[in-house]
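A short worksheet on the structure shown next.
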Amino acid sequence: MTIDELNEKTAEEAVDALLECCGSQTWAKRMAKARPFRELDALLEAGDSVWSKLDKEDWLEAFAAHPRIGDIDPDEPRLVHTRKWASEEQSRVAAASETVRALLAEGNRRYEDRFGHIFIVFASGKSAGQMLRLLKERMNNEPAEELRIAAGEQQKITRFRLQKMIGAVPADD
């Protein structure tokens, strides 16, 4: 899709397209209202600006639209908008050893118990081992600090997906 095609969509169509980049309904609706965008930089700046004005509940809604690292269930309803890109972004986990995948699953469970939301990390280009190390490191954070870090990771994911949506990044990167 091009910027012009995004600009030409109905509000509902634009929200649906934008939800593939970020699972927050508030973010997607505000982005749809912010159109038209002149260029990629304007789209990315708007995405960052809208994200920075959201509250904790919106962040948590966006987090909930992600699969756990290493656990992409194709039938999970909450993944309806983000499933395609999440599986690409986490593609290196499939190549990990069974031991590393089991450690990720256990780490995800412990992380959710501690922080109340799934572990969010910009996974593109990262190995399963790298993500496991990051998960372990971030377990030591205070909850408020970790929420801010997770929100920053979501912002990176959103920017990357916006670029992919308009063809500025190869889809399998």
Side-chain angles (χ1 to χ4, degrees), residues 1-70 72 76 78-94 115 117-128 130-131 133-135 137-138 141 144-173:
M1 164 186 334
T2 66
I3 296 266
D4 289 337
E5 290 169 336
L6 176 62
N7 289 336
E8 292 167 3
K9 288 185 175 296
T10 66
E12 186 176 311
E13 291 169 338
V15 167
D16 282 345
L18 291 160
L19 282 170
E20 293 181 13
C21 301
C22 177
S24 164
Q25 290 282 334
T26 301
W27 180 87
K29 288 175 183 174
R30 289 181 184 172
M31 286 294 291
K33 285 183 181 178
R35 295 173 305 149
F37 302 108
R38 296 177 321 282
E39 59 191 11
L40 174 62
D41 286 342
L43 174 66
L44 297 176
E45 287 173 20
D48 288 345
S49 177
V50 170
W51 181 253
S52 72
K53 293 177 179 93
L54 297 180
D55 59 29
K56 177 183 176 180
E57 288 72 31
D58 296 314
W59 290 353
L60 294 174
E61 181 184 26
F63 301 169
H66 288 272
R68 290 169 190 84
I69 297 294
I72 298 176
E76 179 88 27
R78 68 186 175 85
L79 304 179
V80 67
H81 292 289
T82 60
R83 178 180 301 117
K84 177 185 77 168
W85 284 342
S87 64
E88 290 173 8
E89 292 159 0
Q90 293 189 34
S91 62
R92 291 186 171 184
V93 175
F115 297 111
H117 57 82
I118 70 163
F119 174 65
I120 299 291
V121 64
F122 180 71
S124 280
K126 289 182 178 65
S127 70
Q130 288 172 308
M131 288 185 273
R133 279 190 298 280
L134 287 168
L135 191 155
E137 289 170 12
R138 287 172 48 191
N141 293 333
E145 177 187 8
E146 181 55 28
L147 180 64
R148 284 189 300 277
I149 291 169
E153 292 295 300
Q154 174 65 57
Q155 186 174 12
K156 290 178 200 174
I157 294 164
T158 301
R159 285 180 65 86
F160 189 67
R161 289 178 177 181
L162 284 168
Q163 292 170 329
K164 285 168 60 170
M165 180 179 72
I166 64 151
V169 174
D172 61 351
D173 195 17

Would you say NZ of K9 has more than 12 non-hydrogen atoms from neighbouring residues, nucleotides or ligands within 6.0 angstrom?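 Yes, because the 6.0 Å sphere around NZ of K9 holds more than 12 heavy atoms from other groups.
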Approximate separation, where rounding is to 0.5 Å, of [X] [atom1] and [Y] [atom2]:
X: R30; Y: D58; atom1: CZ; atom2: CG; value: 6.5 Å
X: E61; Y: K56; atom1: CD; atom2: NZ; value: 14.5 Å
X: I120; Y: I149; atom1: CD1; atom2: CD1; value: 13.0 Å
X: W27; Y: L54; atom1: CH2; atom2: CG; value: 9.5 Å
X: I157; Y: C21; atom1: CD1; atom2: SG; value: 11.5 Å
X: T10; Y: E12; atom1: OG1; atom2: CD; value: 6.0 Å

Give the ring-plane orientation class for W51 versus F63, where under 30° counts as parallel, over 60° as perpendicular and anything between as tilted.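 Rings of W51 and F63: tilted, as their planes differ by 30° to 60°.
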Which heavy atom of [X] sits nearest a heavy atom of [Y], and at what distance?
X: M1; Y: A17; answer: CE-CB, 4.0 Å
X: P67; Y: I118; answer: O-CD1, 3.6 Å
X: A32; Y: V15; answer: CB-CG2, 3.8 Å
X: G23; Y: A65; answer: CA-CB, 3.7 Å
X: A123; Y: I69; answer: CB-CD1, 4.4 Å
X: I3; Y: F37; answer: CG2-O, 3.0 Å

Run the side chain to side chain contact (heavy atoms under 4.5 Å, CB included) test on M165 and L18 for me, step by step, so that the C-alpha distance in whole Å, both residues' side-chain angles and the decisive distance to 0.1 Å come before the verdict. CA-CA 9 Å; M165 180 179 72; L18 291 160; 4.1 Å; yes
Under the criterion side chain to side chain contact (heavy atoms under 4.5 Å, CB included), I'd like the reasoning laid out for L162 against L40: C-alpha separation, chi angles, the key distance, then a yes or no. CA-CA 9 Å; L162 284 168; L40 174 62; 5.7 Å; no
Check whether any side-chain heavy atom of L43 sits under 4.5 Å from a side-chain heavy atom of M31, and report yes or no.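 When only atoms from C-beta onward are counted, M31 and L43 do touch, with a gap below 4.5 Å.
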Student check: side-chain heavy atoms of L147 and N141 closer than 4.5 Å: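 Counting from C-beta outward, L147 and N141 never come under 4.5 Å.
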Going by side-chain hydrogen bond (donor to acceptor under 3.5 Å, both in side chains), name the pairs with one or both residues in residues 147-160, residues two or more places apart or in two chains.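 Matches after skipping sequence neighbours: D48-Q155, D48-R159, H66-Q154, E153-K156, Q154-T158.
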Sequence neighbours excluded - salt bridge (Lys or Arg N to Asp or Glu O under 4.0 Å) pairs with any residue from residues 35-45: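 Pairs touching residues 35-45 that pass the test: none.
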